[in-house]
Colleague: 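Please find one structure pasted underneath; my questions will follow.
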Amino acid sequence: MKSAHQKFVLKQLKLHNIMSLATVRADGFPQATTVGYANDGLDLYFCCYRLSQKVRNLRRSSKVSLTIDHDTNNCACIKWLSMGAQARVLSKPGDVTRAFKLLARKFPDMRKLSAEDLKDTAFVKVTPKVISILDYSKGFGHTDLVRP
């Protein structure tokens with residue numbers, strides 16, 4: 001990935017707090033939900049209820065699509081990301097701790113959660129495989145497709 005593309009992606013990840021995440025349901029249909037995320041470079045982390053449909057979907061298929069964007073009524077201001085990625089539910093205690101620390105840094109209220117509060121929480125790592133960079137300031141519909 002070109003340095004300019006990487007800078008753009010990292011800036012967008014820093015500017016935003018939520019992503020729309022689509023997983024694959026058992027019946028083959030996509031299921032889109034919104035989750036808060038934190039990132040470490042291009043890797044994204046989120047957490048959710050361990051028995052959620054998201055987690056069940058991820059245990060069947062690690063393929064996800066996601067978007068990171070914001071609401072605007074000015075097309076020239078569109079600077080969004082869309083990604084095809086692999087996601088996995090973290091199981092190693094060190095990986096879970098790392099994900100929690102990244103999320104708690106971005107969402108300070110998480111620091112108040114106890115081990116009891118978190119016992120039914122799944123932490124997930126999302127690794128992008130292809131990234132669509134939408135930057136309409138370069139022209140309506142301008143998109144660059146990049147690989148990390």
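This one's a predicted model, so the numbers in the text were calculated from it and none came from an experiment.
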Colleague: Please evaluate residues Ser62 and Gln86 with respect to the criterion side chain to side chain donor-acceptor pair (under 3.5 Å), reporting the C-alpha separation (whole Å), side-chain torsions for both, the decisive distance (0.1 Å), and the verdict.
Modeller: CA-CA 5 Å; Ser62 64; Gln86 297 288 135; 2.4 Å; yes
Colleague: Are any non-hydrogen side-chain atoms of Asp69 and Leu81 less than 4.5 angstrom apart?
Modeller: no
Colleague: Charged N to carboxylate O below 4.0 Å: is that the case for Asp95 and Lys125?
Modeller: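 No, no charged N to carboxylate O under 4.0 Å.
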Colleague: Specify the closest pair of heavy atoms between Leu103 and Ala38, including all atoms of both residues, with the distance to one decimal.
Modeller: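 Taking every non-hydrogen atom into account, CD2-N, 3.6 Å.
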Colleague: Just wondering, do Val64 and Val126 contact through their side chains at under 4.5 Å, heavy atoms?
Modeller: yes
Colleague: Taking all heavy atoms of Phe46 and all of Met19, pick out the closest pair and write down the distance.
Modeller: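 Closest pair (atom of Phe46, atom of Met19, distance): CD2-CE, 3.7 Å.
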Colleague: Would you indicate whether the side-chain heavy atoms of Tyr45 and Asn39 approach each other to under 4.5 Å?
Modeller: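 No, side chains not in contact.
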Colleague: Arg60 and Val24: which non-hydrogen atoms are nearest, and at how many Å?
Modeller: NH2-O, 3.9 Å
Colleague: Minimum heavy-atom separation for Arg25 to Pro30, with atom names?
Modeller: CD-O, 4.2 Å
Colleague: Would you call Leu51 and Asp120 a side-chain contact if the rule is heavy atoms closer than 4.5 Å?
Modeller: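 Leu51 vs Asp120: side chains apart.
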Colleague: Taking the side chain as C-beta and beyond, is there a heavy-atom pair between Ile133 and His142 under 4.5 Å?
Modeller: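 Heavy-atom side-chain distance check fails, nothing below 4.5 Å.
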Colleague: With a 4.5 Å cut-off on side-chain heavy atoms, are Phe100 and Met110 touching?
Modeller: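 Yes. Closest side-chain heavy atoms under 4.5 Å.
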Colleague: Where do Ala122 and Val55 come nearest, in terms of heavy atoms and distance?
Modeller: CB-CG2, 3.8 Å
Colleague: Identify the residue among Arg105, Lys112, Arg111 that makes a salt bridge (Lys or Arg N to Asp or Glu O under 4.0 Å) with Asp109.
Modeller: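 Exactly one option meets the salt bridge (Lys or Arg N to Asp or Glu O under 4.0 Å) with Asp109, and it is Lys112.
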